[in-house]
Asker: 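Quick one: the structure is below, questions incoming.
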Amino acid sequence: MKSDVGQAEDWPTSTFTLNDAPVEKNLSEHGMVIVGAGHAGARAAEALRKNGWSGKLTIVESEDAMPYERPPLSKAVLSGTNSFEKYPILVDGFFAANGIEHIRDTTALSIDRNSHLIELSNGAELPYHRLLLAPGAEPRRLNVIGSDLGKISFLRSASDANRLASWLQESAKVVIVGGGLIGLEAAASAIARKCDVTVVELANRLMNRAVPEKIALAAKLRHEKEGVCFKLGCAVKEINGVNNVSSLRLSTGEILECDVVLISVGVEPRVSLAQAAGLDIDNGIAVDKYLRTSDVSIYSAGDACSFADEASGERIRLECWKNAEDQAYVVAKNMLGGEQIYSTSPWMWSDQYESTIQIAGFPARGPFITERVCLDGSLLLFHMTETGHIAGVSGFGSLREVGRGVRFGQLMIQRMLTPGVGDLCDYTVDLRSLIVPAVVA
Amino acid sequence: MTDTATWVAACKLNELPKEDVKRWDHGSKSFAVFRTADDRVFVTDDICTHEYAHISDGFVMGTTVECPRHAGCFDFRTGEALNPPACNRLKTYSAKVENGTVFVQIG
Ligand SMILES: Cc1cc2nc3c(=O)[nH]c(=O)nc-3n(C[C@H](O)[C@H](O)[C@H](O)COP(=O)(O)OP(=O)(O)OC[C@H]3O[C@@H](n4cnc5c(N)ncnc54)[C@H](O)[C@@H]3O)c2cc1C
Ligand code: FES
């Protein structure tokens, strides 16, 4: 362990309130326990050590793997460019080098909040002083006949991605149910493997929940150029096959023949552990601005938790890398007695073919859209409010134009600038010039 | 090889906006050439150490560059990776300006 790590007794216990329960022994000896070694959990473990926690630290994970990044699963891993091991979240040997006990292939089954104990699937009981629930989200099921046939998969874990990748043989007929971000990334990967790809989507447009309509349309055209076939406004009514899937029946009556099906119809936060322990649940594990659940000894972060957005007061849940990453740092500070408020500045990306989609802020809160078509055809949308402020920015196209454009848009949001519409839509106006006075200051 | 033999002209300083970056291809490699607001120049490898992206397509602020793909940041003076998902250093090269031309020391 690093020598600059403080001792357990340095830990500011006086700032904690322990749920009003009589404290019979020094609970801090129980240490910190994290459920879920996904993005939020792994990063929070790292942040606890970096913030000086030198006491016991245990992380429990259902999967039998070291923490890995999930975004490459639908991209490099599915298209066969790289294996998931190439995308670790922590540097090799981090847990061992930092005295963190990583209990893998083991699930946390229940929480006894009175005794500060969690029950594990290996029969052990693990005491905790502070507990972080970072269980992520679970792919939503499709409740139709035949959805348990072979060669049908979800895509959440490395083993899902490896299994699916092994089925994506050249010319395989692949049906992707759900035209969301992950479904479309998988479509691009299946095209890279020369599969025949059809996407079935219930809504009349793609990426309905997360992506502005114009961006979704631009992405659809790109996919169609690559040969992806879309069935929009269609539900899957039945899946047929003997052992493996062989066809799907759609609500239009159409029968789609297929060899492989990916079900990608969104995710649900994994709340069962928290719910059974009596914690408040509201569109996820409900946390306050410090990412604390309704039990002051238990925190939550990542895809599983819902929090009140500062601006709107709405309780929201974000299912993206940046949210898990940022919340992990905040929650670690607060588990150690800090009072850092989590304030979100959403940003997410999706890579499809050589194009990128990036979205920052809250596009839905900016009804007035200013469009910039860049010289290389990339599309940037500035979602503006009535007062001319930018609520969100989104883009589809080249990394250069979209990456830079969205970044400038983020600065405009942060600095509450009101750039002129004429300048925003004119590609000859350098976006930097619209924020320059603030940059220099 | 003598020291001077390894300095290669990359671009004119005035082709490079202040607080920005430009791609320079040499042989089979791409380099990212940076100019700070106070006219210092720095050079790094152009391909991000995380996944694949040209750092020269990124966003420069002060002495950091943000990768356009996943916003991993690097200090382009030292190549140090500053935030996830970038965690490995970018290789840096010595650079100098002579008579308005940026030279890079490679090899
Ligand atoms: C295929 C795919 C592609 C993605 N692409 C992008 C992208 O391009 N851009 C982007 O911004 N985001 C993307 N995301 C989203 C991003 O990966 C998630 O937001 C992030 O992983 C959330 O982190 P988390 O820690 O909350 O959940 P997870 O990373 O899912 O980790 C939760 C972990 O908890 C474990 N667990 C659950 N319950 C228990 C239990 N009871 N006991 C023990 N362990 C348990 C699970 O096994 C899991 O490993 C993608 C996600 C997927 C699946
Ligand atoms: S490719 Fe540069 S941060 Fe991911």
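Naming: A, B, ... by sequence-line order, numbering from 1 per chain.
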Asker: Under 4.5 Å from any heavy atom of chain A, what part of B:H70 do you find: side chain, backbone, both or neither?
Answerer: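 Contact with chain A is through both the backbone and side chain of B:H70.
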
Asker: Where on B:P85 is there a heavy atom nearer than 4.5 Å to chain A: the side chain, the backbone, both, or neither?
Answerer: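 When you check distances to chain A, atoms from both the backbone and side chain of B:P85 fall under 4.5 Å.
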
Asker: Please work out which of the three classes, parallel, tilted or perpendicular, describes the rings of B:F31 and B:H26, given edges at 30° and 60°.
Answerer: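 If you compare the ring of B:H26 with that of B:F31, the planes turn out tilted.
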
Asker: Distance to the ring centre below 6.0 angstrom and angle to the axis at most 45 degrees; does that hold for B:R77 and B:F34?
Answerer: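 Relative to the ring axis of B:F34, which defines the angle, B:R77 lies outside at least one limit.
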
Asker: For a quick check under 3.5 Å, do A:H102 and A:E61 share a side-chain donor-acceptor pair by atom type?
Answerer: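 Result is no, nothing qualifies.
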
Asker: With a 4.5 angstrom heavy-atom cut-off, is it the side chain or the backbone of B:A37 that approaches chain A, or both, or neither?
Answerer: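 Neither; nothing under 4.5 Å.
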
Asker: Counting heavy-atom pairs closer than 4.5 Å to chain B, which one of A:T356, A:V91, A:L399, A:I89 comes out on top?
Answerer: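 Highest number of pairs under 4.5 Å: A:L399.
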
Asker: Below 30° counts as parallel, above 60° as perpendicular, anything between as tilted: where do the rings of B:H50 and A:Y87 land?
Answerer: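 Perpendicular, since the angle between the ring planes exceeds 60°.
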
Asker: For A:E69, which atoms come within 4.5 Å of any heavy atom of chain B: side chain, backbone, both, or neither?
Answerer: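 It is the side chain, since no backbone atom gets that close.
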
Asker: Is a side-chain donor or acceptor of A:R222 paired with a backbone partner of A:G397 at a separation under 3.5 angstrom?
Answerer: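 Pair absent, no side-chain N/O of A:R222 close to backbone of A:G397.
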
